[in-house]
Amino acid sequence: MSMTNGEAATKNLTDKASQERLEKKVNAVKNDIAALTDQITDAINSFAGTATKQAQRGYSQVRANAEHAVDDMSERGSAMMDAAHDAASSIGETLEDAITERPLATVGIALGLGFLIGLTWRR
(Lines give C-alpha, C1' and ligand atoms only; values in the text may rest on other atoms or scores of the structure.)
Protein backbone atom coordinates (compact mmCIF):
# COMPACT_ATOMS: atom_id res chain seq x y z
CA MET A 1 0.00 0.00 0.00
CA SER A 2 1.59 3.04 -1.12
CA MET A 3 0.55 6.57 -0.37
CA THR A 4 -0.55 8.99 -2.91
CA ASN A 5 0.88 12.44 -3.22
CA GLY A 6 -2.20 13.95 -1.56
CA GLU A 7 -1.98 11.61 1.38
CA ALA A 8 1.73 12.36 1.84
CA ALA A 9 1.04 16.11 1.71
CA THR A 10 -1.74 15.78 4.31
CA LYS A 11 0.53 13.75 6.54
CA ASN A 12 3.25 16.40 6.14
CA LEU A 13 0.85 19.18 7.18
CA THR A 14 -0.37 17.14 10.13
CA ASP A 15 3.23 16.55 11.24
CA LYS A 16 4.05 20.28 10.93
CA ALA A 17 0.94 21.25 12.91
CA SER A 18 1.84 18.72 15.61
CA GLN A 19 5.39 20.04 15.71
CA GLU A 20 4.18 23.64 16.03
CA ARG A 21 1.77 22.69 18.84
CA LEU A 22 4.60 20.84 20.59
CA GLU A 23 6.92 23.85 20.23
CA LYS A 24 4.23 26.15 21.69
CA LYS A 25 3.76 23.81 24.63
CA VAL A 26 7.54 23.62 25.22
CA ASN A 27 7.75 27.45 25.14
CA ALA A 28 4.83 27.66 27.58
CA VAL A 29 6.62 25.23 29.94
CA LYS A 30 9.83 27.28 29.64
CA ASN A 31 7.92 30.47 30.52
CA ASP A 32 6.27 28.72 33.50
CA ILE A 33 9.68 27.53 34.72
CA ALA A 34 11.09 31.07 34.38
CA ALA A 35 8.14 32.48 36.39
CA LEU A 36 8.60 29.82 39.08
CA THR A 37 12.31 30.59 39.22
CA ASP A 38 11.54 34.27 39.80
CA GLN A 39 9.04 33.40 42.53
CA ILE A 40 11.52 31.08 44.26
CA THR A 41 14.24 33.76 44.06
CA ASP A 42 11.90 36.33 45.61
CA ALA A 43 10.92 33.89 48.38
CA ILE A 44 14.56 33.09 49.16
CA ASN A 45 15.48 36.80 49.28
CA SER A 46 12.54 37.49 51.57
CA PHE A 47 13.52 34.59 53.82
CA ALA A 48 17.14 35.77 53.93
CA GLY A 49 16.03 39.27 54.92
CA THR A 50 13.77 37.93 57.66
CA ALA A 51 16.49 35.59 58.93
CA THR A 52 18.99 38.45 59.02
CA LYS A 53 16.61 40.64 61.03
CA GLN A 54 15.91 37.82 63.48
CA ALA A 55 19.63 37.13 63.87
CA GLN A 56 20.29 40.81 64.58
CA ARG A 57 17.51 40.89 67.18
CA GLY A 58 18.87 37.70 68.77
CA TYR A 59 22.37 39.17 68.87
CA SER A 60 21.10 42.36 70.47
CA GLN A 61 19.19 40.38 73.09
CA VAL A 62 22.19 38.20 73.91
CA ARG A 63 24.43 41.24 74.18
CA ALA A 64 21.96 43.01 76.50
CA ASN A 65 21.71 39.88 78.66
CA ALA A 66 25.50 39.58 78.85
CA GLU A 67 25.88 43.24 79.80
CA HIS A 68 23.21 42.83 82.49
CA ALA A 69 24.99 39.74 83.86
CA VAL A 70 28.33 41.56 83.96
CA ASP A 71 26.77 44.54 85.75
CA ASP A 72 25.08 42.21 88.24
CA MET A 73 28.33 40.36 88.92
CA SER A 74 30.17 43.64 89.36
CA GLU A 75 27.62 44.79 91.92
CA ARG A 76 27.83 41.47 93.76
CA GLY A 77 31.63 41.61 93.74
CA SER A 78 31.59 45.11 95.18
CA ALA A 79 29.14 44.04 97.87
CA MET A 80 31.33 41.04 98.76
CA MET A 81 34.44 43.23 98.93
CA ASP A 82 32.64 45.65 101.23
CA ALA A 83 31.49 42.77 103.45
CA ALA A 84 35.02 41.32 103.59
CA HIS A 85 36.45 44.73 104.46
CA ASP A 86 33.88 45.19 107.22
CA ALA A 87 34.61 41.69 108.59
CA ALA A 88 38.37 42.34 108.57
CA SER A 89 37.87 45.65 110.38
CA SER A 90 35.63 43.95 112.93
CA ILE A 91 38.17 41.18 113.55
CA GLY A 92 40.96 43.74 113.90
CA GLU A 93 38.96 45.74 116.42
CA THR A 94 38.08 42.58 118.38
CA LEU A 95 41.72 41.49 118.52
CA GLU A 96 42.80 44.95 119.59
CA ASP A 97 40.20 44.95 122.37
CA ALA A 98 41.26 41.47 123.54
CA ILE A 99 44.94 42.46 123.61
CA THR A 100 44.16 45.64 125.53
CA GLU A 101 41.98 43.85 128.09
CA ARG A 102 44.26 40.79 128.62
CA PRO A 103 47.84 41.50 127.62
CA LEU A 104 49.40 38.62 129.58
CA ALA A 105 46.98 36.03 128.19
CA THR A 106 47.68 37.31 124.71
CA VAL A 107 51.45 36.99 125.16
CA GLY A 108 50.95 33.45 126.53
CA ILE A 109 48.82 32.45 123.55
CA ALA A 110 51.38 33.91 121.14
CA LEU A 111 54.20 31.97 122.83
CA GLY A 112 52.16 28.74 122.74
CA LEU A 113 51.35 29.15 119.05
CA GLY A 114 54.99 29.91 118.29
CA PHE A 115 56.07 26.77 120.14
CA LEU A 116 53.55 24.60 118.23
CA ILE A 117 54.61 26.06 114.90
CA GLY A 118 58.26 25.44 115.77
CA LEU A 119 57.54 21.79 116.61
CA THR A 120 55.61 21.32 113.39
CA TRP A 121 58.43 22.75 111.25
CA ARG A 122 61.06 20.59 112.91
CA ARG A 123 59.46 17.39 111.71
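Just so it is clear, the values below take in all heavy atoms, side chains as well, and ignore hydrogens, waters and symmetry mates. Throughout, numbering of the chain's residues begins at 1 and tracks the sequence.
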Distance col, row R102:CZ vs D97:CG, nearest 0.5 angstrom, shows 10.5 Å
Judged by modelled atom types alone, do N27 and E23 share a side-chain donor-acceptor pair under 3.5 Å? no
Decide if atom CD of E67 counts as having more than 12 heavy atoms of other residues, nucleotides or ligands within a radius under 6.0 Å. yes
Give the minimum heavy-atom separation between T120 and L116, together with the two atoms involved. OG1-O, 2.8 Å
Interatomic distance, T100 atom OG1 to L95 atom CG [nearest 0.5 angstrom]: 10.5 Å
Give, for atom CG of D32 and atom OG1 of T37, the distance between the pair rounded to the nearest 0.5 Å. 10.5 Å
If only atom types and distance count, is the side chain of S46 paired as donor or acceptor with the main-chain N or O of D42 below 3.5 Å? no
Would you say the side-chain atoms of S74 pair up with the backbone N or O of V70, donor to acceptor, closer than 3.5 Å? no
For the CG atom of L104 and the CD1 atom of I99, what is their distance to the nearest 0.5 Å? 12.5 Å
So CD of E75 and CE of M80: to nearest 0.5 Å the spacing works out to 14.0 Å
Rounded to the nearest 0.5 Å, how far does OG1 of T52 lie from CZ of R57? 11.0 Å
Can S60 and R63 be counted as having a side-chain donor-acceptor contact under 3.5 angstrom? no
Is a donor on one side and an acceptor on the other found under 3.5 Å between the side chain of S90 and the backbone of D86? no
